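Source: prediction; values computed, not measured. The chains referred to below are lettered A, B, ... by the order of the sequence lines, with proteins before strands, and numbering in each begins at 1. Side-chain atoms are counted along with the backbone in the values below, which use heavy atoms only and exclude waters and symmetry mates.
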Amino acid sequence: MTDWLTPDEWAALRLSLLVAATGTLASLPPGIGIAYLLARRRFWGKSMLDMVVHLPLVLPPVVTGYLLLLGFGRRGLFGAWLAEIGIVFSFRWTGAALACAVMGFPLLVRALRLSIEAVDRRLEQAAATLGANPLQVFVRVTLPLILPGVIAGMVLAFAKAMGEFGATITFVSNIPGETQTLPSAIYTLTQIPGGEAGAMRLTLISIIVSMAALLMSELLARGVARRLAA
Amino acid sequence: MTDWLTPDEWAALRLSLLVAATGTLASLPPGIGIAYLLARRRFWGKSMLDMVVHLPLVLPPVVTGYLLLLGFGRRGLFGAWLAEIGIVFSFRWTGAALACAVMGFPLLVRALRLSIEAVDRRLEQAAATLGANPLQVFVRVTLPLILPGVIAGMVLAFAKAMGEFGATITFVSNIPGETQTLPSAIYTLTQIPGGEAGAMRLTLISIIVSMAALLMSELLARGVARRLAA
Amino acid sequence: EAPTVFAAASLKNALDDIAGSYAKEGKPAPKVSYAASNTLAKQIEQGAPADLFFSADLDWMDYLAKKDLIQPDTRVSLLANSIVLIAPKDSKAEVKMGPGLDLTAALGTGKLAMGNVEAVPAGKYGKSALEKLGGWAGVKDRIAQAESVRAALLLVSRGEAPLGIVYATDAAADANVKIVATFPAESHPAIVYPVAITKDSRNPDASALLAYLRGPTAKAAFEKQGFTVLNRSATAAQ
Amino acid sequence: MRGLSVAVEHRQGAFRLEAAFEAEGGVTALFGRSGSGKTTLINVVGGLLRPERGRVVLDGEMLVDTEARRFVPPHRRRIGYVFQESRLFPHLDVRANLLFGRRLARGTDGISFDDVVDLLGIVPLLARHAAGLSGGERQRVAIGRALLARPRLLLMDEPLAALDVARKAEILPFLERLRDLGIPILYVSHALSEVGRLADRIVVMEDGHVAAAGPVDEVSARLDVAALRSAREAGAILTARVEAHDPGFALTQVVTEAGPLYVPLLERPVGASLRILVSARDVTLSLYPPKGTSALNVLAGHVAEMGAEVAGDPTMEVRLVCGGASLVVRLTRRSLAEMDLHPGTSVYAAVKSVALLD
Amino acid sequence: MRGLSVAVEHRQGAFRLEAAFEAEGGVTALFGRSGSGKTTLINVVGGLLRPERGRVVLDGEMLVDTEARRFVPPHRRRIGYVFQESRLFPHLDVRANLLFGRRLARGTDGISFDDVVDLLGIVPLLARHAAGLSGGERQRVAIGRALLARPRLLLMDEPLAALDVARKAEILPFLERLRDLGIPILYVSHALSEVGRLADRIVVMEDGHVAAAGPVDEVSARLDVAALRSAREAGAILTARVEAHDPGFALTQVVTEAGPLYVPLLERPVGASLRILVSARDVTLSLYPPKGTSALNVLAGHVAEMGAEVAGDPTMEVRLVCGGASLVVRLTRRSLAEMDLHPGTSVYAAVKSVALLD
Ligand SMILES: Nc1ncnc2c1ncn2[C@@H]1O[C@H](COP(=O)(O)OP(=O)(O)OP(=O)(O)O)[C@@H](O)[C@H]1O
Ligand SMILES: Nc1ncnc2c1ncn2[C@@H]1O[C@H](COP(=O)(O)OP(=O)(O)OP(=O)(O)O)[C@@H](O)[C@H]1O
Ligand SMILES: [Mg+2]
Ligand SMILES: [Mg+2]
């Protein structure tokens, strides 16, 4: 195995997993919150919020990365401020995770929103008459019912994160062991003569990882479906 | 308005709309078919199919573009064969549309699949007892019920298509008026010192277009939701 | 402490070699972040922790110089490259390189693949060479502008385009293409790869590394990848 | 060969269905306690459930034969189904729901749309969406939808449970008309009064198997079927022939094998035959011919069979024979003792007029 | 101030609810035809529907007051709700469904889990998932779930419609126990027998408004409420006191204002009071004291009021006064004519024993 990958590539694989997992998990709570708002509430600026969520999809990743750099870079608007309370994204793996989270966010939110909209609200009403406050209703009824959507959204976000490099490389560069993820490494290899073989090898690895994640999610989803089945 | 954009940029905008719309619409029928298979059937190679659908998400876009080139290029596996029956992708806008369709496909399929899985199968049973064959059941019951998912999936695919350039540019290059879409143009501008202003201008336009599509989809979805509401 | 190098992606082969031998000499192996020159330049502008910037063209080095983000006295134009006209290896295309260059016949109905003529360095050089030699007008509407020189190479290598303009270094490494002709050096601005230490670099090892890059081991590695190593001084490059 | 023949086995979790019955034209009632397998059984008939073993034959056509691996899918069966939970299409309005199957069914025969909506009282709902309907309204639309698809067999799973008595009373004659039009019905119900009125045959389910099956007259008078006994309304069904009409009092006189009876005025010609339910609790026995009472119908007969005493239950059932027919009577054990009833005792059965079919 | 007081207006499409009623402890029945607004009304009480105008007050607490813009959300009302369509949580098994509200409710009082599942006969279902239950099973679980949340008011929307008669007969005494435990119930039903048995007060809905409301004894004997008349089972509810037990015949003698009656053996001490329904169709009138009949209960009285004749309906209702109470009798117009009944005529009312509460 160790022959298969150079130390830098190993590091890239590890980092990719870390970044994709962190990005996906960290975006889940805000994703659920925003999906809930979009699915259920009417408020001023809702279309705006919807648009902002979709932006990373619409913008070329390079632009998203550049905007992240402007916003969360060391000298960026929020970056400078966050740095003061000890949260630094720029040129750290955390930045790569942020980039992946942002890029996967529209996919996550859409899947969640679709599921929330499909929930039978009469069940939520029933829960309320049983004494559950809105939070309890959400946690004990809505959330379990949208689990298929949560799984689907997380798979999409994770897969996206495993393939994302445009925003990542623009935001946090491509520093081996620190911000070089698998897709960045693949990208670099496609830029040099004779890099194809290496690129294909890394691509295969990335496919295998995503395949594993996908299979796991399918198993999970099947379990959930069985529980909800008619 | 005409001052706002150079003729090439106008062409890029028009082309982007054409490409995104074509890609999204063309991928809808196979998207629905595959989503249905994944949601409802058990068959050999299902995980494989699922994986293939997700590939464009996992792979760096450049790699996807490269694979498209291998497959659908002039000398590609299918490309050579398709060329004989008059379907040519290379250096044509149709190639850009294919690239966008492929890149948006996982998003489309996931949204559709999630919706199909949420359909109350007892309604489909009811339709069958009323004499509807499986196709009629699908068209007259399942499809109307998954409209929110169709809309969501198409929005995602369209937005993705408006932002896609990695696979497009690799597959069909960047020929103004033929394959130069808005994101390709934006990308080019980001590569030039001092190109930021132009890039931002085009980005804004792309945001406006997507915003319009998004708003339209929300209105549509609201209409559908009202019809399905309890 | 290991210095961080921000280098154009096309330098990866050579720099990986050099970093390896540098480390073998017991020095801290540099960390090299490979990306497009423009990306790296903008990152340095935003405070990236880079000690050295190794650009694939002059424009982005100048961009940083103008913003006073590099140490001017450390700037060196280290490498040179040339651009060539390539065709798929089974191509019968023949082109007479020189003033009055006409590619239309060789192109037939196909496209000329090259890097983006405004953004990608190889594309910019190719465009100015074609202009200089007079072939530009004939092909300017028939150019497939790739996102990188590698993508342009790929288009020719896959037979999508009958002709392409890429760096000699790239053409040499791809068995599926052959070099039809080499553009004369005076037909385009000098293709140089400048390197400099950044203004913010606090790493004392940075200059040692820069010196090593200019040394004989590095020279061999660069030349192995087809680059020409220049021996002009930083000021001479300007 | 007309008729339905079912013989299937199926396992569902811990529940095991193992049922066989035959049904010719007309209405066959499926009767049984909650969880006894009624819905499961008609799902098999409708093709929504593929049984593990067995056969289903309708009008000579083999719909299911697990041995021959034959399974006709539901949409080719032309079997209408009114579900226990209505299952209206939420994306369609009431009219489109009603017409869903209509449009798919070939032919032009069968009940007209206007008739159906009039009778079900859903004309004002036609433009409404399914979501806003009340429980009873939903169920009425579901009945209409199934009917309009021109089924050759109709499965009805407690179609009237959500309806008020008045609405039931309006819809029942309509179902009777269907029966008379020759559309056979398999009808799940808990109410023996509905069953008795509509059904020709009854299948009593107990715990997944058929506890009793046969013509309603026979089965309904059986004192040994627990499911019937516990229904409390058990009674006997009699076949009757119209003898005379009395429009003044809005009565019709019919003749049964048990004797003549008055029923509410019927719009049937003299000589027509019909069936009536004499509910066990609607019969009062006396040893002497009653006089000056509001009981219009008095039948003479004798005690034929005594039901079992159940500890703690003050009542028991007695089967009488009046003329050539059986009647079931439920009375208190105390009355039984006071009247000193035994098999053979001559009695007069006063049948409350309103207990007859109206 | 104990009790529920509702006065609301609400528009839903073309349907307009404009209803006001009061209910103290005990069971209040909501009675009315399909689409008359029963579900809408209890949705307002449960907090699932915010009425356009009006007030809802429970035990002195203002739950809704549109003028004061007050609206207590459902989860703070502690009002249990058994829905018409059960609404079990599909992601939970039966046990978790039952315990859903239990865990949220503070306190340890109220009915025990074991009691509830025993009585509802759902012990074998506890580990099952909601999806595989039969219609009746679902409804029983829904009842248990609502009960276990320790509600201070219980809304029940036709909870027993999907149940067979035997199961109903088991569950009704349980609901009575709840009533006696002091949990007030608002009970939607089509069956006057259920209503009469359980309810203290009855609210009759017609087309969105309250057509009649009041103590069951009073309202149920009214001949002018169409909804009741069409229920056919209309009858009178009497208050009774236990007089003596006769374990041999499994009977209990009770005394009502109308006279003494035998009912099935009750496990209540002598002197306890209870209520009984005398269904209009369970009464036979005669001009002379009947003898040698199986009718155990005969009450003497006189005709007090004659109902309206309805064209085409061979029957009509008559209100008797027996002692201090009213009874409603349904008899054919022909019997009426033959017996020559008029207000004031003395009659004997033979009440079939089984028509009393069992
Ligand atoms: N998927 C399942 N898994 C396990 N048991 C099941 C499943 N589906 C149904 N059952 C059980 O099978 C039995 C029969 O169910 P069915 O729905 O046929 O009853 P039913 O006679 O229609 O009752 P009801 O009158 O209450 O509707 C029930 O005990 C039910 O719990
Ligand atoms: N969202 C809605 N839009 C329009 N009309 C509605 C809506 N919801 C209910 N209605 C109408 O309000 C009336 C009352 O409905 P409700 O559900 O209260 O009736 P119900 O008395 O419970 O009837 P059932 O016994 O059939 O359940 C019905 O005619 C129904 O069609
Ligand atoms: Mg059932
Ligand atoms: Mg209702």
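- C:Ser201 and C:Asp51 share a side-chain donor-acceptor pair at under 3.5 Å.
- Taking the ring centroids of A:Trp81 and A:Phe78, they lie at or beyond the 6.0 Å cut-off.
- For chain C, the nearby part of A:Val172 is the backbone; its heavy atoms alone come within less than 4.5 Å.
- Only the backbone of A:Phe171 comes within contact range of chain C, judged by heavy atoms closer than 4.5 Å.
- Interface residue C:Leu40: only side-chain heavy atoms are found under 4.5 Å from chain A.
- Within a 6.0 Å sphere centred on CZ of A:Arg74, heavy atoms belonging to other residues, nucleotides or ligands number more than 12.
- Contacts between A:Ser90 and chain C at a heavy-atom distance below 4.5 Å are absent for every atom of the residue.
- Annotation for C:Lys224: atom NZ does not count as buried by contact number, only 12 or fewer foreign heavy atoms lying within 6.0 Å.
- The candidate from C:Gln225, C:Arg150, C:Lys42 with the greatest count of non-hydrogen atom pairs under 4.5 Å with chain A is C:Arg150.
- With a 4.5 angstrom heavy-atom cutoff, C:Glu45 touches chain A only via backbone atoms.
- Salt-bridge formation is detected for the pair A:Arg113/A:Glu117: a Lys NZ or Arg NE/NH1/NH2 atom is positioned less than 4.0 Å from an Asp or Glu carboxylate oxygen.
- Ring-centre distance between C:Phe6 and C:Phe54: not below the 6.0 Å cut-off.
- The residue among C:Ala36, C:Pro49, C:Ala35, C:Ala175 with the most heavy atom pairs within less than 4.5 Å of chain A is C:Pro49.
- Using a 4.5 Å cut-off between heavy atoms, C:Asp170 contacts chain A through both its backbone and its side chain.
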